Amino acid sequence: MCATSSLVPSYMDSPDADLPWLLGGHMQQDTRRVKDFHFHSRGQIFGIGHGVMGVRTDEAYWLIGPGQALWLPPYLRHMARSHGAVRGWSLFIDQVRSTMLPAQPFLVRGTPLLIAQAERLSHCISDKSWSDIHARLAESFWDEFLSLPSASVSLPFPTDGRLRRVADALSENPADTREQQDWAIEASMSVRSFVRHFGAETGMPFTAWRQRLRILNAQERLARGEAVTSVALDVGYESPGAFAAIFQKITGHSPAAYIKLCRLSDKG
């Protein structure tokens, strides 16, 4: 019988030459958890089966929902934050194989085949339990993963210190009602410079960035079981109806459907 491994196996510090190219880890928790900034010498494919997990790098924020997986390259500094009960898996890829994937994170929607393979590998792989069966399963998983379309759906963060101050303030309080000109003053910039530099650094207009931030924050709150009306108000929308319309447009789900997805995603 395969033993359940931790999300970051203890043998991760061993030299790659002594280990299989793919190592697994499994996670299941009932409460919210925050893992501070860290990195791995291997690449990481981090998948969620139930719940929602946020991953922050120095340059962007990613929200991983049920059925999704995020690629993190080797040595990329990141932190992770769960929202309520979460079940997931990680597969750690050696540096040689990691060169076959982009040097930037990306998100995929897992197929039923890939998710089943990943779940099996996350429970079964360790430095002492690698077998021919695991090797064939790992190669099949790898082929499936490489064939999936990827997306760069993230919230990019500016690197300029003045703009980062604005982004961090809004991250702490998405409902802040200050307008664009007020944030330009906060950044000690003219409105024209603020708009130009923010767009250049994030690839998004400031208003679109703030809207995406609010919806990401709403997704986290809904996953924790908060009521739709209170979430709408807490992220800066005066009308639950307006909030629901924007939420549907960005996520493809109504708030109620998203709550159901987070609660029932682990039933099969």
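Because the structure is a prediction, the values reported are computed rather than measured. For the single chain, residues carry numbers from 1 onward in sequence order.
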Presence of salt bridge, [Y] and [X], under 4.0 angstrom:
X      : Y      : value
Arg164 : Asp168 : yes
Arg42  : Asp94  : no
Arg81  : Glu220 : yes

For the residue pair [X] and [Y], what are the closest heavy atoms and their distance?
X      : Y      : answer
Tyr237 : Ala242 : CD2-C, 4.5 Å
Ser41  : Pro74  : O-CB, 3.4 Å
Phe198 : Thr202 : O-OG1, 2.8 Å
Ala69  : Ile64  : N-CG2, 4.2 Å
Val96  : Thr99  : O-OG1, 2.6 Å

TODO: Could you tell me whether the side chain of His38 and the main chain of Asp36 form a donor-acceptor pair under 3.5 Å?
DONE: yes

TODO: Determine yes or no for a side-chain-to-main-chain donor-acceptor pair under 3.5 angstrom, with Gln248 supplying the side chain and Ser254 the backbone.
DONE: yes

Are any of the side-chain heavy atoms of [X] and [Y] separated by less than 4.5 Å?
X      : Y      : result
Ile48  : Gln68  : no
Trp71  : Val108 : no
Ile93  : Trp142 : yes
Gln104 : Glu59  : yes
Phe145 : Ile45  : yes

- [ ] To the nearest 0.5 angstrom, please state how far the CG atom of Leu137 sits from the CG atom of Asp132.
- [x] 12.5 Å

Give the ring-plane orientation class for [X] versus [Y], where under 30° counts as parallel, over 60° as perpendicular and anything between as tilted.
X      : Y      : value
His40  : Phe92  : perpendicular
Phe141 : Trp89  : perpendicular
Phe194 : Phe206 : perpendicular

Task: Leu146 atom CG, neighbour heavy-atom count above 12 within 6.0 Å - done: yes

TODO: Quick one: do Ile215 and Leu213 satisfy side-chain contact (heavy atoms from CB on, under 4.5 Å)? Show the steps, please.
DONE: CA-CA 6 Å; Ile215 296 303; Leu213 170 73; over 6 Å; no

TODO: Please confirm whether Trp209 and Phe157 have ring centers closer than 6.0 angstrom.
DONE: yes

Task: Centroid-centroid under 6.0 Å between Tyr258 and Phe247 rings - done: yes

Is it the case that the side chains of [Y] and [X] hold a donor-acceptor pair, with the cut-off being a distance below 3.5 Å and no angle test?
X      : Y      : answer
Glu201 : Thr159 : yes
Gln44  : Ser90  : yes
Gln219 : Thr251 : no
Gln180 : Thr207 : no

- [ ] Step by step, work out the ring pair (Phe, Tyr, Trp, His ring centres under 6.0 Å) result for His78 and Phe39.
- [x] CA-CA 6 Å; His78 63 280; Phe39 63 85; 8.7 Å; no

